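Scope of the values below: all heavy atoms of this structure, side chains included, with no hydrogens, waters or symmetry mates. All figures in this text were calculated on a predicted structure; none of them were measured in a lab. Proteins come first, then strands; the chains are lettered A, B, ... in the order of their sequence lines, and each starts at number 1.
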Number of protein chains: 2
Amino acid sequence: MLEARLQDGVVLKKVLDALKDLINEANFDCNETGLSLQAMDNAHVALVSLLIKAESFDPFRCDRSLSLGISLTSLSKILKCSGPSDVLTLKASDQIDTLHIMFEGKDSERVSEFDLKLMDIDSEHLGIPDTEYDVCVNMCSLEFQRICRDLSVLGESVTIECSKESIKFSANGDIGSGAIQIKQGATIDEKKELTTTINVNTPVLATYSLKYLVNFTKATGLSDVVNLSISNELPIVVEYKVSELGYIRYFLAPKIGDDEE
Amino acid sequence: MLEARLQDGVVLKKVLDALKDLINEANFDCNETGLSLQAMDNAHVALVSLLIKAESFDPFRCDRSLSLGISLTSLSKILKCSGPSDVLTLKASDQIDTLHIMFEGKDSERVSEFDLKLMDIDSEHLGIPDTEYDVCVNMCSLEFQRICRDLSVLGESVTIECSKESIKFSANGDIGSGAIQIKQGATIDEKKELTTTINVNTPVLATYSLKYLVNFTKATGLSDVVNLSISNELPIVVEYKVSELGYIRYFLAPKIGDDEE
DNA sequence: TTGCGTGGAA
DNA sequence: TTCCACGCAA
């Protein structure tokens, strides 16, 4: 049995916006830790890992682990029916194959309730090794989104080159080429959490599909900040904080060899 | 001979937006009372009744009754050529088979004139009995629009259940089900005219096509408030005030039996 | 609130 | 292929 009440319901709306274009359906795993989801995208190229910790909810009750097979498309549609300041409550029981979703406006003068049919979804629980990465970059999420979007005009791939001094994004294609370089310590609006911070063990140089990175930046609304964890031989991790305590992480393997593709 | 000058020309623009998706062509009846229109929608399912009282215009002159067969699609296109604060004048004579439409900007520095060809349209003047309804609900038009749009994600039909305490809209379909309940007296923004007010003679429970209701809410821009008149056995009436003195009313029969459709 | 661009239907 | 309607952005 799950009961989880989220004061700021809009967070879940944003989470679904950040998932639904990549993944049509997935299992939400509920246990005492909170809600989590791990799934490959529809094309089985990228991996998405979501965690919303129990502490994000109040109350949060989940006495037994539950795996809820959810059509993210449908859940997203239902969440769009909530108002911008609604309180959201999720309920599920072991017996019933629906997820109950409730939105309450102020003073509960307006209450909307929905039941989403659950599905059986094969889950392929990929363990993600908790690795040390060659480089960790903390930067303004809007700026990262802008860079990916801008470079996608030029080509299909972006090459990320990162040293202690700076991170450089570059792309090239038929119409030309472009590169955007941000120095360690660069600030935006003088907000210090938006400072670009680069931690380097080993410099990296790797190439990724821009289409996927642009897709990952659908999560930009969730956090002002994005964290990039990069190694030469491992998938890049693009992480956004969710609701202070949780996260959504996207994993994408670098392109190898043939950099024209 | 008709001559009618509307200070706030944008009202007629909105009226046409509220009509044109439902009805392609109809007769505008002009007499000393004002302008009125009654027509079934293209699919002959819903009935629309429009009245703009003579007092809405200044001046309003109509010495003899006229029935103007108008392509609402075309009239809407012409009205889109007016500016947001233009004064609008309609003129028609008994002899000429065109409607003359004039837009004047402030100080008449800009005058646009159009002539719309009139058409012969068979009119089927359905008398609408002035009935007492089981339930009358007054609510925020934007909220009603939102509810209809939201529920249309789930299914084709909405069931409206209304008692003294509250009005409940519910729908269900392949992806699940949902219900939105608003209590008598619920307020929006503390504006008192937007308070949900429910007057009940007999509680009602009836089901309607969401596609049509969503279409009716095209009139939302005309008024902050919508009035629903509902009876178990009669078509629902969805009414928006037009220009203080007039109205646009939509009539839609409930679905009967087969509630799966 | 209006205009633009995209997606769906005829 | 064209037109219309809807959703998103300015």
Side-chain angles (χ1 to χ4, degrees), chain A residues 10 13-14 16-18 20-21 24 72-84 141-142 145-146 148-150 152-153 211 214-215 217-222, chain B residues 6-26 41-46 48 70-86 88 103 105-106 110 112 140-156 158 171 173-175 188-189 191 194 209-226 240-243 250:
Chain A
V10 82
K13 225 194 249 193
K14 290 181 185 167
L16 267 111
D17 283 339
K20 69 173 207 303
D21 293 334
N24 293 336
L72 301 186
T73 317
S74 302
L75 178 56
S76 172
K77 281 179 185 165
I78 288 176
L79 291 177
K80 287 214 192 306
C81 303
S82 70
S141 61
L142 266 172
Q145 181 178 46
R146 182 69 199 272
C148 293
R149 218 196 289 135
D150 287 353
S152 67
V153 172
K211 187 178 123 223
V214 167
N215 228 320
T217 63
K218 299 263 162 72
T220 301
L222 283 163
Chain B
L6 194 58
Q7 197 63 37
D8 186 11
V10 81
V11 167
L12 198 65
K13 226 194 245 191
K14 289 181 186 168
V15 165
L16 267 110
D17 283 339
L19 293 175
K20 71 174 203 311
D21 294 335
L22 225 37
I23 306 170
N24 293 337
E25 44 206 46
D41 79 292
N42 298 325
H44 280 252
V45 173
V48 183
I70 290 183
S71 156
L72 301 186
T73 317
S74 306
L75 178 55
S76 174
K77 282 178 185 160
I78 288 176
L79 291 176
K80 288 218 192 301
C81 304
S82 70
S85 52
D86 284 0
L88 178 151
F103 309 126
K106 75 165 167 57
R110 182 186 201 273
S112 334
C140 168
S141 61
L142 267 172
E143 179 151 39
F144 179 64
Q145 181 177 48
R146 182 72 199 272
I147 289 169
C148 292
R149 219 196 288 135
D150 284 354
L151 289 181
S152 66
V153 172
L154 295 173
E156 316 259 286
V158 60
D174 295 342
I175 72 169
I188 305 240
D189 286 344
K191 289 184 203 150
L194 300 188
S209 153
L210 268 170
K211 188 178 122 222
Y212 277 92
L213 292 184
V214 167
N215 229 319
F216 298 169
T217 63
K218 300 264 163 70
T220 301
L222 283 164
S223 169
D224 290 339
V225 167
V226 63
Y240 298 84
K241 290 272 176 286
V242 173
S243 192
Y250 301 92

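Shown here are the side chain to side chain donor-acceptor pair (under 3.5 Å) partners of Ser152(B), two or more places apart in sequence or in another chain: there are none. In this structure Arg149(B) satisfies the salt bridge (Lys or Arg N to Asp or Glu O under 4.0 Å) test with no other residue, sequence neighbours excluded. Under the salt bridge (Lys or Arg N to Asp or Glu O under 4.0 Å) criterion, Lys211(B) pairs with no residue, sequence neighbours left out. Qualifying side chain to side chain contact (heavy atoms under 4.5 Å, CB included) partners for Cys81(A), counting only residues two or more places apart in sequence or in other chains: Phe103(A), Phe114(A), Asp150(B). Scanning for salt bridge (Lys or Arg N to Asp or Glu O under 4.0 Å) contacts around Lys218(A) gives Asp21(A), with sequence neighbours left out.
Whole-Å rounding puts the Asn24(B) CG to dA10(C) C1' distance at 13 Å. Here the P atom of nucleotide dT1(C) and the CG atom of Asp8(B) are 12 Å apart, to the nearest Å.
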Please list, pair by pair, any protein nitrogen or oxygen found under 3.5 Å from a nitrogen or oxygen in nucleotides 1-6 of chain D.
unit_1	atom_1	unit_2	atom_2	d
dA5(D)	OP1	Asp21(B)	OD1	3.0
dA5(D)	OP2	Asp21(B)	OD1	3.4
dC6(D)	OP1	Lys218(B)	NZ	3.4
dC6(D)	OP2	Lys218(B)	NZ	3.1

